[in-house]
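Start at 1 with the first residue, then count along the sequence. We count ligands from 1, going down the list as the structure has it; atoms in each ligand are counted the same way.
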Amino acid sequence: MDYPNVIAIDGPAASGKTTVANLLAEKWGYLLFDTGVMYRAVTWLALEKGLSTKDEEAVSNLAQQVQIDVAPPSKDDGREYDVLADGMDVTWQIRDPRVDKKVSKVSAYREVRKALTEQQRRIGLQGKVIMVGRDIGTVVLPEADLKIFLDASVEERARRRYEQRIQRGGSADFDLILKSLTKRDHKDSTREIAPLRAAEDAVVINTDDLTVEEVVSRIEAIALKNKD
Ligand code: DC
């Protein structure tokens, strides 16, 4: 089957972007690139090094120097891929609530975005890729062949994130997750540079009442129609 070459999937936190993109990428033999892991890795490294995330210069320097790699999963522990920061396996560390709390601040810095966007663009232009994020269709790859914007209510997204944490054997507090997502949505969509929003030519899908499989088949249908 012939699918569009470069696909952008944007949307708010926990809207199911990565789960859906992962299934599509496996089915189509495409590369999945979840750009959020880059902002998370920089944030985690800054915290690990004891930097204040308010120190824009120090955090920007870090983003310019760190080598972030995404590789096939090396362990069978529920991960979809390995995330390496300067060779260190940080796959689960970057999902820590401490990172959730600070990542929107870090990702609003101009130089951080510049450094990471350049790398993302290079990977995206290789083609046969599904790139996931907040600004892929608007800034990173405005020439993408297909743009999808996945949305869902904040309550539904909090519920999904809650279930995910419990399933992974961790503890979770629904109200805290809801509060954290609401704050992150606000910061991500009101920041000055590359805010979260649907590109004008994106297809918007609200996933509140859809299963993962339904979202996947809807995107497949759009992708095939788009090819004609
Ligand atoms: O998709 P995620 O929750 O893993 O993303 C983490 C944060 O990274 C998100 O709150 C905003 C930022 N981000 C961004 O600014 N631009 C992207 N393309 C991807 C993520």
Test item: Asp69 side-chain N/O and Leu84 main-chain N/O as donor-acceptor pair under 3.5 Å: no

Path from Tyr39 to Leu181 over hydrophobic side-chain contacts below 4.5 Å: no

For atom 1 (O) of ligand 1, which of the options Arg134, Lys102, Met131 provides the nearest non-hydrogen atom? Arg134

Students should be able to answer this: which protein heavy-atom is nearest to atom 19 (C) of ligand 1, and at what distance? Thr35 OG1, 3.4 Å

If you compare all heavy atoms of Leu150 against all heavy atoms of Pro12, which two are closest, and at what distance to 0.1 Å? O-CD, 3.2 Å

Could you tell me, atom by atom, which parts of ligand 1 come under 4.0 Å of a heavy atom of Asp188? 9 (C), 10 (O), 11 (C)

Between the main-chain N or O of Ala194 and the side-chain N or O of Arg191, is there a donor-acceptor pair closer than 3.5 Å? yes

Close approach, Met38 and ligand 1, non-hydrogen under 4.0 angstrom: no

Pair Glu143 + Arg121: basic N to acidic O under 4.0 Å: yes

N-O pairing of Arg197 and Asp135 below 4.0 Å: no

Does CZ belonging to Arg79 count more than 12 external heavy atoms closer than 6.0 Å? yes

In terms of side-chain geometry, is the basic nitrogen of Arg122 or Glu118 positioned less than 4.0 Å from the acidic oxygen of its partner? no

Residue, atom name and distance, where the atom is the protein heavy atom closest to atom 16 (N) of ligand 1: Arg113 NH2, 3.0 Å

For ligand 1, is there an atom lying under 4.0 Å from some heavy atom of Lys105? no

Please classify the Arg95 to ligand 1 contact at 4.0 Å (heavy-atom distances, strictly less than): side chain, backbone, both or neither. side chain

Quick one: nearest non-hydrogen protein atom to atom 12 (C) of ligand 1, plus distance? Ser107 OG, 3.5 Å

To the nearest 0.1 Å, how far is atom 6 (C) of ligand 1 from its closest protein heavy atom, and which atom is that? Arg184 NH1, 3.6 Å

Contact atoms of ligand 1, heavy-atom distance to Asp135 under 4.0 Å: 16 (N), 17 (C), 18 (N)

Which ligand 1 atoms does Gly36 reach within 4.0 Å, using its non-hydrogen atoms? 4 (O), 5 (O), 19 (C), 20 (C)

N/O separation below 3.5 Å, Asp34 to ligand 1: no

Quick one: does Lys187 get within less than 4.0 Å of ligand 1, heavy atoms only? no

Nitrogen or oxygen atoms of Arg191 and ligand 1 under 3.5 Å apart: yes

Nearest to atom 8 (O) of ligand 1, what protein heavy atom do you find, and at what distance? Tyr39 CB, 3.5 Å

Considering only the protein, which heavy-atom contact is closest to atom 4 (O) of ligand 1, and what is its distance? Arg40 NE, 2.7 Å

Answer yes if the side chains of Asp82 and Ser74 hold a donor-acceptor pair under 3.5 Å, and no otherwise. yes

Looking only at distances, can you tell me whether any N or O atom of Gln120, backbone or side chain, sits closer than 3.5 Å to an N or O atom of ligand 1? no

Does this structure show an ion pair linking Glu56 with Arg110, if we count only N-O contacts that are shorter than 4.0 Å? no

Which ligand 1 atoms does Ser104 reach within 4.0 Å, using its non-hydrogen atoms? 10 (O)

Using 30° and 60° as the class boundaries, would you call the ring planes of Trp28 and Tyr3 parallel, tilted or perpendicular? parallel

